[in-house]
Amino acid sequence: MKSRKQMALALFLSVPLVAAAQSAVPLSGIIGWTGRFTSLTRPTSGTVVVFQNRDGRTHLLLHRFKTQSDQNLQVWLYKNVPRRGDQNLAPSGSALKLGELTQFGGDFEFALPSGVDMLAGYKSVVIWNDQVKRVFGVAPLE
């Protein structure tokens, strides 16, 4: 019987994502974590998948992602799961910035820096607006 993660990988790879992915990273690999975005202070939707590709590198993929267009949007791994009311959350030592968003919809992929241990307690992916210091959306990782 297939595990939940193996079934998720099969489903993930069957989605028409290959044509939409923005890099040449092989999509075959092991899925470690998945999540679905919910809005906190601005409309945000889509899914996130953290996977390891064939060469062992870990990547984070935002799939069918959409958020409100704004300046200074960033993608962070976060060791907590922000909730409504945590609108003034500031990513401190418990967060890792993966990159910035210049587009506000589509599929985006980020390679995690070497040495990042996902088992170190990262519990969510956060869309952070650095200008207004607010979380637009969060995807708890399972």
Side-chain angles (χ1 to χ4, degrees), residues 2-53 55-142:
K2 289 185 176 181
S3 73
R4 182 174 174 228
K5 294 219 188 258
Q6 288 170 324
M7 291 188 316
L9 176 59
L11 176 64
F12 174 70
L13 294 177
S14 69
V15 174
L17 178 64
V18 176
Q22 295 185 348
S23 78
V25 175
L27 292 179
S28 60
I30 299 170
I31 291 181
W33 294 265
T34 61
R36 182 169 301 280
F37 278 100
T38 58
S39 304
L40 285 189
T41 61
R42 301 292 188 274
T44 305
S45 61
T47 58
V48 62
V49 176
V50 179
F51 68 97
Q52 193 173 52
N53 66 6
D55 67 5
R57 295 210 48 202
T58 303
H59 294 257
L60 184 139
L61 181 67
L62 304 181
H63 179 56
R64 294 185 179 171
F65 175 79
K66 187 175 181 181
T67 193
Q68 179 177 319
S69 61
D70 209 329
Q71 297 179 16
N72 302 307
L73 290 183
Q74 303 171 351
V75 178
W76 290 78
L77 277 174
Y78 194 62
K79 290 192 177 183
N80 295 306
V81 179
R83 307 259 185 244
R84 288 194 196 284
D86 293 343
Q87 296 176 1
N88 293 319
L89 177 74
S92 58
S94 62
L96 172 67
K97 180 181 174 184
L98 297 179
E100 298 185 4
L101 292 172
T102 56
Q103 298 177 358
F104 312 107
D107 296 326
F108 306 95
E109 188 172 318
F110 300 89
L112 273 60
S114 61
V116 172
D117 181 6
M118 284 298 295
L119 297 175
Y122 291 107
K123 295 180 180 170
S124 65
V125 175
V126 172
I127 305 303
W128 174 255
N129 183 305
D130 198 47
Q131 183 175 2
V132 297
K133 307 293 187 211
R134 299 247 171 146
V135 176
F136 273 31
V138 60
L141 297 173
E142 296 180 4

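Here the structure is a predicted model, which is why all the values come from computation and not from measurement.
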Next on the checklist: Keeping T41 on the side-chain end and V135 on the backbone end, is there a donor-acceptor pair under 3.5 Å?
Outcome noted: yes
Next on the checklist: Set out, in order, the CA-CA distance, both residues' side-chain angles and the distance that settles side-chain contact (heavy atoms from CB on, under 4.5 Å) for V138 and V125, then state yes or no.
Outcome noted: CA-CA 6 Å; V138 60; V125 175; over 6 Å; no
Next on the checklist: So, using side chain to side chain contact (heavy atoms under 4.5 Å, CB included) as the criterion, who are the partners of D130 when residues are at least two apart?
Outcome noted: N72, Q74, W128, K133
Item to check | Distance, nearest 0.5 Å, that separates CG of L60 from CZ of F110 | outcome: 7.5 Å
Checklist entry - Taking all non-hydrogen atoms of both residues, which atom of Q68 and which atom of F104 are closest, and how far apart? => result O-CD2, 4.1 Å
Checklist entry - L61 and F108: side-chain contact (heavy atoms from CB on, under 4.5 Å), yes or no, with the steps? => result CA-CA 6 Å; L61 181 67; F108 306 95; over 6 Å; no
Checklist entry - Counting only heavy atoms not in K97, do more than 12 fall under 6.0 Å of its NZ? => result yes
Item to check | By ring-ring contact (aromatic ring centres under 6.0 Å, His included) - contacts of F37 (at least two apart) | outcome: F65
Next on the checklist: Tell me the closest heavy-atom pair linking V126 and Y78, and the distance in Å.
Outcome noted: CG2-CB, 3.7 Å
Checklist outcome for this item: Separation between OG (S124) and CH2 (W33), nearest 0.5 Å, reads 13.5 Å
Checklist entry - Residues in side chain to side chain contact (heavy atoms under 4.5 Å, CB included) with R36, at least two apart? => result T47
Checklist entry - So, for R83 and L40, which heavy atoms are closest and what is the spacing to 0.1 Å? => result C-CD2, 3.8 Å
Checklist entry - Of the non-hydrogen atoms in L112 and V116, which two are nearest, and what is the gap between them? => result CD2-CG1, 3.9 Å
Item to check | Atom pair CD (Q103) and OG (S69), whose distance is rounded to the nearest 0.5 Å | outcome: 12.0 Å
Next on the checklist: Donor-acceptor check, side chain of N129 to backbone of Q131, threshold 3.5 angstrom: yes or no?
Outcome noted: yes
Checklist outcome for this item: All heavy atoms of L141 vs all of M118, minimum pair found to be CD1-CE, 3.9 Å
Checklist entry - Nearest 0.5 Å, what's the CG-CD1 distance between L62 and I127? => result 5.5 Å
Next on the checklist: Please evaluate residues T38 and T44 with respect to the criterion side-chain contact (heavy atoms from CB on, under 4.5 Å), reporting the C-alpha separation (whole Å), side-chain torsions for both, the decisive distance (0.1 Å), and the verdict.
Outcome noted: CA-CA 6 Å; T38 58; T44 305; over 6 Å; no
Checklist outcome for this item: d(T102 OG1, Q71 CD) to nearest 0.5 Å is 12.0 Å
Checklist entry - Does any non-hydrogen side-chain atom of T58 lie less than 4.5 Å from one of S114? => result no
Next on the checklist: Would the distance check show the side chain of T67 and the main-chain N or O of P43 forming a donor-acceptor pair, the cut-off being under 3.5 Å?
Outcome noted: yes
Checklist outcome for this item: Taken to the nearest 0.5 Å, the spacing of Q52 CD from H59 NE2 works out to 9.0 Å
Checklist outcome for this item: Note: A95 and W76 closest approach over all heavy atoms is CB-CE3, 3.4 Å
